[in-house]
Amino acid sequence: MTEERTAESSGQSGRAQSIAPPPSIIWALAIALVALIVYVSRDFVLLLFLSGTVAYFVNPIVKVAESALIKRSIAVTVIYLGIGLSLLATAYFLFPRLRTEVNALSSSLPFFGDRLDEAIDALQNEIVSRYPAADRLFTPREVRNDKLNQFIEQQATNFPGLVSHLVSLVLAGVLVPFFSYFFLRDSRKIVHFVLDRLPASHIETSVAVWCEIDRIVGQYLRGLAIEGMVIGVVAASGLWMLGINYPLLLGVLSGVANVVPYLGPILGGTAALLVTLVQFKSLTPLAQVFILYLSLKLLDITVVQPMAVGRGKELHPVLLIASVIVGGHALGIVGMVIAVPTITILQKIAKLLLERRRYSTQTAENRLSTHVQTQPYVC
Amino acid sequence: MAKRRWLERLRDSEQLRRLQLLENVPLFAGLNRRQLGKLLVKLFEREYRTSETIFVQGEPGKALFILLAGRVLICRTGHRAEEPLATVTAGGYFGELALIDDQPRFASARAEEPSVLLILYKSDFDDLIEGHRVIAIKVMGNLLKTLAGYVRKAQPQGSGRAAMMSGPTTAKDRTAVASERASRD
């Protein structure tokens, strides 16, 4: 009787085992659920992401203080006060000049369409006078005006959206420093909390994965900041030397836009070319600005990027461009910015996990015999 | 006196405790407090319950472990059964070979009682020594002394040239070296 019960119960457990879904399906469902939650609360996730980014910039300074045995909470508070004061000082010295440029630009903006029209006409005439055959390439003024008006109307319909974006930006400006302060203050506790809850036998791999993520994101963000600053300063100086209007504003735009791979430099360059076109209505200054931005890109690729710890250097160029395109489609400009570090992290994690899997199927002796060159003596 | 009190308020007592422990770890002998502080911020802390596995023989070695509190058993699974190699106590370290090469773990490590461990990931260590020549020379020197100790201890017990070639790979040799280190600690 007892044997029968045992057999029955073992049969039941056997059925229960066969009913239970395989771990891969559970993992897939869990990942899908997390992705859904992230998608539903994407605005909040973006806010957390921005806060994390700020925390990453400040973290190296906090680590210096921590290595001198200063309490983390005190170090973070002092550093935040210091950053706040520095930003205020920068605003005090830089903003009057920048405001003058913005005011000048906004006062001339209502006439911008007409001035652009005149400039394009002047440029067309110049080109046609030099190369008469090029006349067929240009569209008549009326067609061009229609297209320009259509474009302006389209932008005007987007204005309410722009205002709501500005409100979000102001909110983010308040919340991001707030969140990042607590991220920095409690990051050690958060990591400790997570590590204590992971399976003990996977700690080594988990620490490896965390350190790699930390290294890649840190390198990428710091590289991006250095790159943006260098590009901004060089672009502003170059435009100022060429006598282009609003050099500071265009420099800031070029530096900020540079964080978007591929699209950023084109955006900065186009803005500078438009201003030059309206200001000079001639081909030569346009060519000069074009060469300036081309040289800037070359300088970026050959000097700045390798020095600022080459971003995406571990990625194949095709994978890099593909990740930027997919990121852009999924999350817009933010997606384009985070595409490269995300794909680098995924690649690194996959490598670490595959390595662990490969080791488990290969004996230690095999690996030693294939990788270590021993010499026939020890003395 | 007041200045000293202010400094005490600024100081992180938990980090200070870890630093004092690191000062007594033979691998970091010769490093001053400033250099140890740089090392300290690279460490992760993890608590292990009794019988919890820290790492398993044959898995890729990625980190060095320093025992802050508790006791850890190092053992190797042979053809027949599990052989204990050494017991590491507070202030001791293990898994140091992971800082040198990419080979799999030679043995497994398991907590014998509730233990607190500091974990130093290899790439973090590499980053640290890349920027600090003095730390690199001193730590690598200590590491080489440890390895030289293993080799010297293994030689007289081996049988001729073959044993010299293989180094301290047998459980017996490792036990001898480990017990020597444990008694030194």
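Proteins come first, then strands; the chains are lettered A, B, ... in the order of their sequence lines, and each starts at number 1. Computed from heavy atoms alone, side chains included, the values below leave out hydrogens, waters and symmetry copies. Just so you know, these numbers come straight off a predicted model, no measurement behind them.
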**Study point:** Proximity breakdown for B:L39 and chain A, heavy-atom pairs closer than 4.5 Å
**Key:** neither

Point to revise | Segment of A:A208 engaging chain B (4.5 angstrom heavy-atom cut-off) | key: both

Point to revise | Matching residue for A:E204 among B:R105, B:K122, B:K62 - test: side chain to side chain donor-acceptor pair (under 3.5 Å) | key: B:R105

Point to revise | For chain B, which residues of residues 55-67 of chain A have heavy atoms nearer than 4.5 angstrom | key: A:K63, A:E66, A:S67

Exercise for review: Please look at A:I74 and chain B and tell me whether the side chain, the backbone, both or neither of the residue comes under 4.5 angstrom of a heavy atom of that chain.
Suggested key: side chain

Review point. So, do B:F44 and A:I203 sit near enough that their side-chain heavy atoms are less than 4.5 Å apart?
Key: no

Point to revise | Counterpart residues, salt bridge (charged side-chain N to carboxylate O under 4.0 Å, His left out), relative to B:R71 (two or more places apart) | key: B:E112, B:E113

Review point. Of all the residues in residues 186-196 of chain A, which have a heavy atom that comes within less than 4.5 Å of a heavy atom in chain B?
Key: A:R188, A:V191, A:H192, A:L195, A:D196

Check your understanding: Taking everything shown except A:F178 itself, do over 12 heavy atoms lie less than 6.0 Å from its CZ?
Key -> no

Exercise for review: Check whether B:L10 gets within reach of chain A through its side chain, its backbone, both or neither, counting any heavy atom under 4.5 Å.
Suggested key: both

Review point. Can you name the ring pair (Phe, Tyr, Trp, His ring centres under 6.0 Å) partners of A:F49, sequence neighbours left out?
Key: none

Review point. Between B:L120 and chain A, which part of the residue has a heavy atom less than 4.5 Å away: side chain, backbone, both or neither?
Key: neither

Review point. Is it the side chain or the backbone of B:R18 that comes within 4.5 Å of chain A heavy atoms, both, or neither?
Key: side chain

